[in-house]
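Accompanying notes for the structure given below.
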Amino acid sequence: MNSLMTIPLLKNIRTFFTTTPFPTPLHSRSALMVDQEIRLLQQNFSHEIKAYLNEHPQTKHVDIYLNDTHGTFRGKRVAVENLFSLSQGCYFPQSVYAMDREGKILTSSPDRLINEEPDNLCLPVSGTLRPGAHDPRHNAQLLLTMLDSDNMPWPLEPRVILQNVLRQFHQHGLYPVVAAEMEFYLVDPAAEQNRPQGCFHLAVPSAYSAFIEELENMAAAQRLPLSGIVSEAEVGQFELNMFHSSNVVESCEQVLALRKLTDTIAEKFGYQANFMAKPFSELAGNGLHFHVSLNDTNGENVFASPAEAPNEMVRLSLAGMLELMPASLAIMAPGVNGFRRLRKNLDEPLFHSWGYNKRNAALRIPCSDARNRRIEYRLAGADANPYLVMATLLTGMLYGLERIDDDALANFTHASPDLPLFQQPALEAFRQCAYLADHLGSAFCEQWYHGKLTELNAFERIVTAEELSFSH
C-alpha cells in the first residue's frame, strides 16, 4: 500500500515540506507550555477588551457562550464589569457537550453528568469579542473554549476536534484553505408566496432590501468575512458566501456566528431565517458547502493542476473523501431532515460521486484557473455543525493521502460510493469506521452515535398529522 510518504511525486514534495518546523502535537505539549499559552492568551485578551471598550464605550452586558455539539450557543449574560476577570476564565459544566438539540443531557453514563455535572474551566477565544446583534451599542458577545482538569483542550468540544485534525495535516506540511457557502430561507409568516425568481436574480424583492443591508452592516461590525449574498432559485432562499481563509477553525466559528446573526436580524424585520436542511417538501434544500484546497509551507496550492488532468494530490484527496463518505453522512446530515435533502426519492441519491463543474456532484471541482484549483464538498446541510463537517471532510482527505494505494487511486474515477439514504444505516456506517474514530476521537464518536440514535428513536415515536389523515 502506498501512503503520502511513498508515492514518488509526493516523496519529492515532502522533502520540500519538511524545511519548516511543525507545530507541537497536542498530546506532547507539557504543562509548562500550556501554562505559557494561557498566560499569553490572558495578556492578549486584556488588550482586546481595552480596544473593544474604546470603540464601544456604552457596552453594558456581555453574552458569554460555548458552541455545543450541534452548533447551538450555550451560555449566560454577565455585566461588562466582569469582562476583565474573564481573562482568568469562568466555569461551565461538561454536560454542555452531552446535550441533544433541546438541551437535554444525552450520555452513556447519565448518573455522573446528570447528578454531579462537574464544571470545567473555560477561557475566552481571541478575536471573538463582538457587538451583539440585538443591541450592538450596549451588548457584546464572546466565545469561550473548555479545558479539562489538566488545562488541556476538552476533547468533546467540536472546535478542539477540528484543531486535532488540522494538526495531522500540519505534521505533513499541509495547510488547508477553506471558504464556506451557506443557504437559508427568509420566511415571512404573514406574506403570500411569491413566484420563484431563479438563481442569481438581481431584482431582489424590495421587502428584503432592508434586511440584506442590515445583515451586511452587522456582519462588518462583527468582523465576519461575508463576501456576498446570492439569491437562489426558490422563493426567499439566499446563499451567504464567505471569503477564503487559511484560518480554518476561525472560519468555522464565523459560520456559526453568521448563522446566529442572520437569525437575529431576520427577527428584527419580522422574518424567520430557516437553516433546516430540507424545510419545505417541494422546494430545494439548504446546504453548507465548503471549498477546500491545501497549501504547502510556502503558501503554494498543492492542488494546482489543469481541470482536465487533476494532479495526484487532488485525486488522493477525492479518493479518500469518497471512501469515507458513507460514514461521514452521519455528521453531514445530523438528523432525519438532512437525509430528505440528500435523496431524490427513497432509493436514489440527489448527489453523485464527483465531477468537474457539476452541481449534482457530491465533490465538485469548480471553474477556476490552475493556481486556484480546489474541491467543493456539497453534502452537508446548513444546520450541520461546521466544526464537525470540516473535521470529517478533512479526515477523508487525510485518509486518501495516507491510505489510498495505487490500484484504488487508478480506479477511483469510476467509484460512486453506495451512500446510506436514511439516518440509521448512516449511523451504523459511522460507528464502524475506525479511521474516523481515531481522528475525531473515539469518545466523541461513541457519544455522537448514541445521542443521534436516541434522537432518532424519539422521532420515530411521534405520530404525525399525515399518518392520522391516512387512517381515515
_Quick one, M242 and V255 - any side-chain contact, counting heavy atoms below 4.5 Å?_
yes
*Within-4.5 Å side-chain heavy-atom neighbours: L394 and P176*: yes
_Closest heavy-atom pair and its distance - V389, A384_ = CG2-CB, 3.6 Å
*Any sub-3.5 Å donor-acceptor pair from N372's side-chain atoms to S368's backbone N or O?*
no
*Can H450 and E446 be counted as having a side-chain donor-acceptor contact under 3.5 angstrom?*
yes
*Donor-acceptor under 3.5 Å (N311 side chain, M313 main chain)*: yes
*Partners meeting ring-ring contact (aromatic ring centres under 6.0 Å, His included) with F169 (sequence neighbours left out)*: none
*Taking 4.0 angstrom as the limit, do R159 and E253 come out as a salt bridge?*
no
*asked:* By the salt bridge (charged side-chain N to carboxylate O under 4.0 Å, His left out) test, which pairs, at least two apart or in different chains, include something from residues 52-77?
replied: D63-R77, D68-R74
*Go through the structure and list residues passing ring-ring contact (aromatic ring centres under 6.0 Å, His included) with F211, not counting sequence neighbours.*
none
*Would you check if F303 and P310 make a side-chain contact, meaning some heavy-atom pair closer than 4.5 Å?*
no
*Identify the two heavy atoms, one from E214 and one from F269, that lie closest to each other, and give their separation to 0.1 Å.*
CB-CE1, 3.8 Å
*Test side-chain contact (heavy atoms from CB on, under 4.5 Å) applied to D438 - qualifying residues, sequence neighbours left out*: none
_Under 3.5 Å side-chain donor-acceptor pair for T145 and E157_ = yes
_Residue D418 excluded, over 12 heavy atoms near CG under 6.0 Å_ = no
_When you compare the side chain of N151 with that of L121, does any pair of heavy atoms fall below 4.5 Å?_
yes
Quiz: residues 215-230 side-chain donor-acceptor pairs under 3.5 angstrom, not counting sequence neighbours:
unit_1 : atom_1 : unit_2 : atom_2 : d
N217   : ND2    : E213   : O      : 3.3
Q222   : NE2    : P131   : O      : 2.8
R223   : NH2    : G127   : O      : 3.0
R223   : NH2    : L129   : O      : 3.2
S227   : OG     : N241   : O      : 3.1

_Exam field: side chain N120 to backbone L147, donor-acceptor pair closer than 3.5 Å_ = yes
*asked:* Could you measure the distance from the CG atom of L350 to the NE2 atom of H352? Nearest 0.5 Å is fine.
replied: 7.5 Å
_If the condition is side-chain contact (heavy atoms from CB on, under 4.5 Å), which residues does T264 pass it with, not counting sequence neighbours?_
A133, H134, K260
*For E455 and Q423, what are the C-alpha separation, side-chain angles and deciding distance, and is it a side-chain contact (heavy atoms from CB on, under 4.5 Å)?*
CA-CA 11 Å; E455 290 179 13; Q423 188 177 19; 5.7 Å; no
*Note, P386 side chain near L288 side chain (heavy atom, < 4.5 Å)*: yes
*Between S317 and I375, what is the shortest heavy-atom contact and its length?*
CB-CD1, 4.1 Å
*Least distance between heavy atoms, L86 atom then P124 atom*: O-CD, 3.3 Å
*Keeping the roles fixed (side chain from D148, backbone from D150), state whether a donor-acceptor pair exists under 3.5 Å.*
yes
*Could you tell me whether the side chain of Q447 and the main chain of Y97 form a donor-acceptor pair under 3.5 Å?*
yes
*For side-chain contact (heavy atoms from CB on, under 4.5 Å), just list the numbers for V80 and L53, CA-CA rounded to whole Å, side-chain angles, deciding distance to a tenth of an Å, and then say yes or no.*
CA-CA 9 Å; V80 69; L53 293 181; 3.9 Å; yes
*Between CG of D296 and CG of N301, what distance do you get to the nearest 0.5 Å?*
8.5 Å
*For S293 and R373, does a side-chain donor sit closer than 3.5 Å to a side-chain acceptor?*
no
*Could I get the full list of side-chain contact (heavy atoms from CB on, under 4.5 Å) partners for R137, not counting sequence neighbours?*
Q58, D135
*What's the spacing between W154 CH2 and F444 CZ if we round to 0.5 Å?*
14.0 Å
*Kindly indicate whether a cation-pi arrangement holds for R343 with F422, taking the cut-offs as under 6.0 Å to the six-membered ring centre and within 45° of the axis.*
yes
_Derivation and outcome, side-chain contact (heavy atoms from CB on, under 4.5 Å), residues L436 and T392_ = CA-CA 7 Å; L436 273 178; T392 303; 4.0 Å; yes
*State the NZ-OG distance between K104 and S95, to the nearest 0.5 angstrom.*
15.0 Å
*For E48, check salt bridge (Lys or Arg N to Asp or Glu O under 4.0 Å) against everything at least two apart and list the hits.*
none
*Which atom pair, heavy atoms only, marks the closest approach of W354 to I365?*
CZ3-CD1, 3.6 Å
Extract all donor-acceptor atom pairs below 3.5 Å that involve side chains of residues 320-342 and protein atoms in other chains or at least two apart in sequence.
unit_1 : atom_1 : unit_2 : atom_2 : d
S328   : OG     : L324   : O      : 2.7
N337   : OD1    : A277   : N      : 3.3
N337   : OD1    : K278   : N      : 2.8
N337   : ND2    : K278   : O      : 2.9
R341   : NE     : N286   : O      : 3.4
R341   : NH1    : L379   : O      : 2.7
R341   : NH1    : A380   : O      : 3.4
R341   : NH2    : R378   : O      : 2.9

_Derivation and outcome, side-chain contact (heavy atoms from CB on, under 4.5 Å), residues L166 and H170_ = CA-CA 6 Å; L166 286 168; H170 298 168; 4.2 Å; yes
*Can you name the residues that form a ring-ring contact (aromatic ring centres under 6.0 Å, His included) with Y185, not counting sequence neighbours?*
F280
*Would you indicate whether the side-chain heavy atoms of I161 and Y387 approach each other to under 4.5 Å?*
no
*Can you measure from OG1 (T59) to CD1 (I49) and round to the nearest 0.5 angstrom?*
11.5 Å
*asked:* Just to verify, what does H439 make a ring-ring contact (aromatic ring centres under 6.0 Å, His included) with, not counting sequence neighbours?
replied: Y435
*With sequence neighbours left out, write down each residue that passes side-chain contact (heavy atoms from CB on, under 4.5 Å) with Q272, or none if nothing qualifies.*
V187, P189
*Would you say R431 and C445 make side-chain contact, with heavy atoms under 4.5 Å?*
no
*From C122 SG over to L144 CG, what is the distance, rounded to the nearest 0.5 angstrom?*
6.0 Å
*Aromatic contact, Y377 with F290 (centres under 6.0 Å)*: no
*Compare every heavy atom of N385 with every heavy atom of T69, then report the nearest pair and how far apart it is.*
O-ND2, 2.7 Å
*Do you see a donor-acceptor pair shorter than 3.5 Å between the side chains of H289 and E183?*
no
*For residues V249 and C252, determine if any side-chain heavy atom of one lies less than 4.5 Å from a side-chain heavy atom of the other.*
no
